[in-house]
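Take a look at the structure set out below.
Chain naming here is simple, since letters A, B, ... match the order of the sequence lines and numbering starts at 1 in each.
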Amino acid sequence: MTDMSDPDLTPKQKRQLEKEHQQRLKYYSASQWTLIWWRFKRHRAAMLAAVLLGLMALAGIFAEFVAPYGPVTRDTKYIEGPPQIPKFCDDNGCSLRPFINGTKTERDPVTLRAISVPDPDTRYYISLFVKGESVKVLGFIPTDRHLIGLDDPDQKIHFWGTDDLGRDVFSRTIYATRTSLSIGVLGVLISFFLALAIGGAAGFFGGMTDNVIQRVTEVIRVVPIIPLYMGLAAAMPKEWSTTQVYFAMTLILGLFGWPTLARRIRSQLLSIRNEDYVVAARLAGARPRRIITQHMLPSFTSFIIVDLVISFPYMILSETALSFVGLGLRPPSVSWGVLLQQAQSVRAIEQTPWLFIPAVFVVVAVLAFTVIGDGLRDAADPYSEAK
Amino acid sequence: MSRMLTVENLSISFRTDEGVITPVQGVSFHVDQGRTLGLVGESGSGKSVSTKALMRLLPGTASLGADTRMHYTTKDGRVVEIETLANDGEPIRKLRGGEIGMIFQEPMASFSPVYTIGNQMMEAIQLHRPMGRREARSYAVEMLNKVGISNAEARVDQYPHELSGGMRQRAMIALTLSAGPALLIADEPTTALDVTIQAQVLDLMRDLQQELGMGMIFITHDLGVIAQIADDVAVMYLGTIVERGPAREVIRAPQHPYTQGLLAAIPSLDKLHDRLSPVPGDIPSPNARPTGCPFHTRCAQKIAGLCDARPPREIQTQPGRAVRCWLHDDEGRNAA
Amino acid sequence: MLRFTLERLIGMAITMLLVSLMVFIIMEIPPGDYADRYAFRKYSGTGVNVTEADIQAIRVELGLDKPMIFRYFDWIGGIVLRGDFGQAFAFETSVVKVIGDKVWLTTGILFATLILTYLISIPIGIYAAVRRGSAVDYGLTIFSYLGLALPNFLLALVMLYFANRWFGADIGGLFSAEYRDAPWSLAKVWDMLKHLWLPAVVLAWSAVAYQIQTVRATMSDELNKLSVTAARARGVPERRLLIKYPARLAINPVVSTIGFDVNRIFSELPIVAVVLGLTDLGELLLKAYLDLDMNVAGAILLLLTFAIVFMNFLSDLLLAWLDPRIKLGA
Amino acid sequence: MSLDASPRETLIEVRNLSVHFPIRQKRLFRTDVQMLRAVDDVSFDINRGETVGLVGESGSGKTTVGRAILRAIDPTGGEVIFHSATGDIDLAGASEEELRKVRSQLQMAFREEGGVAVQNLAGEALRAFRPRMSLVFQDPYSSLNPRMTVRDIIAEPLVASGLMRNRDEIDERVRDIAARCKLNLEHLRRFPHAFSGGQRQRICIARALVSKPEFVVCDESVSALDVSIQAEIVNLLKDLQEEMGVSFLFIAHDLSVVAQISHRVAVLYVGKFVEYAPTEKLFFTPRHPYTHALLSAIPLADPDASFEPIRLQGEIPNPLKAPSGCRFHTRCPFARERCSAEAPDWREIADEHFVACHFADEFDFSRPNLNAAE
């Protein structure tokens with residue numbers, strides 16, 4: 001508030017004042033999205049979650065490249081093997097490059113079964129961009145390079161161990177990330193469009209339409225959702241291909257995810273419709289289309305994004321749960337739920353705990369979506385403080 | 001007339017995300033028994049916050065200045081140093097309600113919606129008076145009658161939302177007075193009411209104060225209300241009292257440029273169609289408080305280099321009147 | 001209050017009618033009809049060659065050739081008038097026999113879970129709001145995030161693992177081996193209670209996390225209300241103040257979401273049941289779905305939903321009793 | 001600022017305007033519909049370049065009157081005739097489609113009434129008229145779209161109605177009106193969150209006046225502002241009126257502000273007009289007991305003025321259960337039997353002084369002898 005032309009100020013103070021002044025001007029002419037971004041940035045946990053989720057999504061999108069092996073590639077030499085942790089040192093000295101020891105087959109002295117034991121005399125070095133299986137990234141970019149792997153193309157590394165068929169848990173988890181996240185995205189999108197249409201109709205037309213829609217929404221909301229999904233999932237013909245099942249699943253998840261969202265859209269519409277500035281636009285002679293696109297939608301979008309983000313966890317958890325009990329995706333598809341199917345028993349916890357690693361992904365993804373949702377919710381209404 | 005409350009150098013700071021802000025700085029006033037102090041100011045002047053500090057009702061993010069003194073003399077003559085009390089505890093609770101009562105702007109919001117009027121009144125009565133349930137109830141009915149609520153016997157069992165706005169504020173007054181306070185703090189009690197209802201409530205409060213001989217602090221932004229109800233007035237601007245003195249004298253002959261501007265800006269019913277004289281500029285936000293005199297950004301008589309650099313002292317201009325302005329300070333006069 | 005109750009009763013009846021329609025439609029969705037599956041199950045492996053005519057005969061016998069709307073009324077009429085949910089072909093007996101006392105087991109699990117949820121979440125939520133911003137508050141926030149994120153079946157597995165290590169192997173399921181098929185007795189009930197806590201804890205987990213957040217949020221709002229400040233200004237002691245004013249109102253959203261909690265619990269039940277080896281409706285439902293025994297599945301889905309609708313009704317009544325503003329507004 | 005100098009020209013004629021809202025209450029098997037007579041049979045007129053003040057307490061229906069005139073809500077009955085200056089509507093700029101609809105309805109309306117009966121206009125035609133009428137809201141926070149720049153907010157009436165298409169022209173007009181409302185160029189680039197209450201109200205006024213309307217409704221436009229700021233907005237409105245010749249309907253509950261800005265003032269009580277007169281007459285020689293009580297209830301910032309408010313019994317009635325006969329009879333200190341039985345006529349008791357009271361002739365409430373009647 002001090003006068004800038006005050007002669008008593010030192011140049012440094014003046015610069016400081018000038019800087020503050022510029023910042024204020026920047027704030028004054030900041031649009032909605034800039035304000036939201038500024039506020040969201042302040043939410044450190046949400047930023048961290050966003051980065052984590054971004055990494056996860058990238059890994060999923062470029063699964064062919066990121067995963068060292070295919071989802072069904074078997075390593076018969078290493079079945080139900082524990083995770084192999086890269087190391088820099090062993091009994092034979094240290095190295096600057098990480099490596100793992102090879103394995104050799106021995107007979108268990110008691111049961112006489114063949115088991116794999118580490119062979120301290122062999123070393124396989126880990127590299128980036130190694131040659132491996134030929135794959136098509138994103139389905140069309142052919143390459144035989146993989147992000148990470150062993151120098152020796154004949155040897156395999158299993159960061160997170162293998163399952164009972166010798167499939168690499170790390171690679172499978174990366175592929176599963178793609179499936180599970182994409183089911184979430186598609187499911188949310190489907191339910192979003194349904195919600196937008198249904199909630200929009202209720203909020204826009206009001207009256208009888210609204211009453212009927214409200215009643216139907218009410219009915220769908222009281223039905224326990226997983227048993228309902230189960231009913232629909234059970235109806236899927238057993239002979240369907242994995243792709244068909246995949247799309248059917250997204251459709252089912254999307255088909256019943258809309259009621260909560262539709263209710264929110266409806267109430268948002270109703271409250272925005274009565275905002276003074278919308279009335280003002282109407283009195284200024286704006287047509288309905290202009291009122292909706294210029295005045296209602298912009299204020300509405302940020303809230304809807306929040307709702308979308310917080311409805312992801314339900315989709316992901318539902319898919320995981322359904323696949324877990326065998327009603328969702330089925331092998332040979334890989335999703336987090338499908339992977340966890342192999343870990344259904346207490347025996348698995350005791351003997352092959354690494355099969356639970358996909359669960360960490362589920363928890364992290366759901367947590368990340370929840371935290372981002374919280375951060376967005378705080379940021380979505382940048383004008384609440386201004387009052 | 002005995003002095004019941006002395007407040008000296010009251011400063012209140014809040015911790016916020018953007019740093020510490022101090023919406024109230026160096027406020028001093030006092031209340032005598034049987035007299036009404038009007039605290040007048042526009043939005044952001046810190047009038048409500050100051051009285052909440054008196055009752056130690058501020059949130060945990062708030063802190064009082066080091067040389068803040070708030071001394072209250074109880075009904076039995078003890079002096080309580082309010083600034084030393086904890087926010088929560090037996091000593092301050094003894095003061096709240098029983099010694100100092102408080103009425104708020106929103107009568108609906110100051111009642112809990114899920115209990116009857118009678119329930120909430122009886123609670124206050126039993127906390128501060130040695131009465132049983134029966135007695136407390138009939139006392140509640142008596143108090144409702146006293147504030148002019150008809151059919152009090154039935155009203156006592158109604159919920160707040162079943163009463164109209166004016167009735168609710170009357171019930172709130174009855175509730176507050178039923179605890180028997182010696183000092184009443186009324187925070188804009190009539191602002192949310194219609195003109196005719198406001199007049200009724202002002203009338204009622206004036207009568208009750210005289211009848212019960214209470215001291216009263218009446219907070220408002222309306223100088224008209226002050227003129228009608230207050231004996232003394234303190235004018236607040238951005239967290240400081242810029243002028244104080246007997247209401248009559250201050251309103252007739254304001255000394256601070258802000259008080260002068262405020263009075264001139266009020267539309268009068270006697271001089272129709274005249275141009276109004278606004279105070280130029282906007283009220284700065286409390287977290288961007290100007291340096292020096294807080295009013296200098298809008299003051300037509302500001303002394304450059306002085307008013308914007310150093311805050312003025314409080315100057316006694318006449319017995320019982322004080323003003324915080326360089327124009328009344330010898331140093332300021334010399335500089336001008 | 002009477003009118004209010006009546007109104008809600010009628011609302012409940014309408015919802016139940018619509019729900020039953022929906023459930024019926026879901027029962028009809030699986031490919032092929034009941035007769036197909038009946039014939040397949042009855043004669044597969046017996047060497048009998050089933051012709052289209054045979055199936056048609058079964059269809060007529062069972063009344064499956066009638067239009068859907070008639071079949072719906074047959075079905076719902078049987079349920080409402082005679083308590084008959086039809087035949088469970090996978091078990092070759094009536095659905096009622098199959099479901100039987102599993103209804104009571106499920107009810108037991110449900111109420112154990114609900115009570116556990118509210119006993120934990122309400123006091124903790126209130127405490128977190130009062131101590132807002134403290135370490136305890138942050139800890140609870142992190143806990144409730146985890147509660148929302150951890151899939152319940154995983155939790156069930158982990159709990160089972162530890163329960164096995166600490167309490168011995170016989171903790172899964174609802175009964176110890178010696179009581180599993182024994183007739184009901186006091187000892188059996190006691191044995192059940194000893195097993196009931198595990199599913200209750202697992203099922204309560206996410207509900208607790210959710211309700212802590214709800215209670216904390218409303219309590220925080222209520223704490224900032226003028227009525228609380230006003231009561232404090234009257235000298236009401238702090239503890240009593242918290243309980244009488246904000247806490248009393250912070251319970252309202254919990255009461256209004258009882259139905260929602262029941263929904264959540266029923267949603268998780270089938271999956272948790274698989275992991276914990278419970279023999280309740282949830283597990284049966286899963287089995288029925290996998291076998292495409294739609295009469296059983298439909299009956300269970302219908303019962304679960306009715307329970308939710310009924311709990312919604314109860315929560316409405318409870319809320320109206322708790323909050324005087326609702327009765328008058330209705 | 002006397003009106004007598006210029007010839008009076010009626011701009012808005014309100015005839016028997018009524019607005020009833022159906023209040024639906026869901027019962028068990030049926031829905032009860034009660035009629036809330038928010039505004040009941042109200043008639044008055046507004047001259048060109050004049051400000052008419054509308055005062056009343058909560059539930060009096062003053063906001064409803066303003067919005068019904070602008071057709072923000074639909075009136076139940078009555079007429080609102082808008083004597084617009086012809087040639088202002090940019091017919092050339094409108095598309096063929098709009099033009100056809102507007103023209104046909106305009107011509108018909110003009111021929112019939114010599115003005116446009118606003119409530120007969122539908123859809124397109126109403127939109128075409130909107131730029132000539134405007135509304136300034138009470139809450140300067142919620143009436144500005146926080147997601148638009150001030151420039152876009154002010155330009156909205158021009159753009160939305162299609163009054164102007166050329167960006168440069170719009171910018172010029174916006175800059176012009178903004179300057180008149182004491183907003184500078186830098187302000188135009190900002191968003192509403194950068195402004196204080198008084199500045200926001202100036203933006204609202206600029207928006208209302210940008211299309212050079214002939215008639216603007218100010219709905220409690222200054223009541224949310226602090227006193228020191230309020231005066232500035234009142235002065236601004238007066239200046240703009242002189243410059244642009246616009247008419248205002250100034251709705252407020254604060255009588256002293258209304259007194260300062262209005263040429264004539266109407267007093268509403270529970271949906272009915274009780275008195276309508278030139279400002280001096282209304283404030284110095286009120287004829288209705290309610291006006292008198294209202295005036296006596298204002299606390300004056302003058303310690304020597306006696307403050308003896310007329311003690312009205314009870315509370316303002318709920319408009320759903322409006323009293324029979326004269327609606328004020330339940331609280332009137334002078335009520336007689338006839339008052340509860342028979343609604344008083346709306347009559348011109350003196351030149352331009354309208355009142356609805358059976359016994360208005362018997363009362364003399366003229367100030368400063370405020371209590372002469374008792």
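Contacts of B:Ala179 with chain C are absent, with no heavy-atom separation under 4.5 Å from either backbone or side chain. Only the backbone of B:Phe111 has a heavy atom closer than 4.5 Å to any heavy atom of chain C. With a threshold of 4.5 angstrom between heavy atoms, B:Met108 does not approach chain C through any atom at all. At a 4.5 Å heavy-atom cutoff, the contact between B:Lys52 and chain C is made by side-chain atoms alone. With a 4.5 Å cut-off on non-hydrogen atoms, B:Ile103 does not touch chain C at all. With a 4.5 Å cut-off on non-hydrogen atoms, C:Leu322 touches chain B through its backbone but not through its side chain. Heavy atoms closer than 4.5 Å to chain C are found in both the backbone and the side chain of B:Asn119.
Between B:Glu90 and B:Lys94, at least one side-chain nitrogen of the basic residue sits less than 4.0 Å from a carboxylate oxygen of the acidic one, meeting the salt-bridge criterion. In this structure, B:Asp88 does not pair ionically with B:Arg96, as no charged nitrogen and carboxylate oxygen lie closer than 4.0 Å. Taking 4.0 Å as the cut-off between side-chain N and carboxylate O, C:Asp137 and C:Arg132 do not count as a salt-bridged pair.
Within 6.0 Å of OH on B:Tyr72 lie more than 12 heavy atoms contributed by other residues, nucleotides or ligands. Within a 6.0 Å sphere centred on OH of B:Tyr139, heavy atoms belonging to other residues, nucleotides or ligands number more than 12.
C:Arg216 places no side-chain N or O within donor-acceptor distance of the main-chain N or O of C:Thr141, the cut-off being under 3.5 Å. Listed for the B:Thr220 side chain is no donor-acceptor partner under 3.5 Å among the backbone atoms of B:Glu188. Counting only distance, with no hydrogens or angles, the side chain of B:Thr16 and the backbone of B:Val20 share no donor-acceptor pair below 3.5 Å. Checked by atom type and distance alone, the side chain of B:Gln169 pairs as donor or acceptor with a backbone atom of B:Phe104 at under 3.5 Å.
The choice from C:Ser227, C:Ala230, C:Pro246 that makes the most heavy-atom pairs within less than 4.5 Å of chain B is C:Ser227. The greatest number of non-hydrogen atom pairs below 4.5 Å with chain C, out of B:Glu106, B:Gln105, B:Met102, B:Gln120, is found for B:Gln120. Taking C:Glu222, C:Arg248, C:Lys225 one by one and counting their heavy-atom pairs under 4.5 Å with chain B, the maximum is reached by C:Arg248.
Annotation: side chain of B:Val156 is not in contact with side chain of B:Ile117 (no heavy-atom distance under 4.5 Å).
Within residues 231-244 of chain C, the residues having any heavy atom under 4.5 Å from a heavy atom of chain B are, by residue number, C:Arg232, C:Ala233, C:Arg234, C:Gly235, C:Val236, C:Pro237, C:Glu238, C:Arg240, C:Lys244.
Under the 6.0 Å cut-off for aromatic ring centres, C:Phe143 and C:Trp205 qualify, their centroids lying closer than that.
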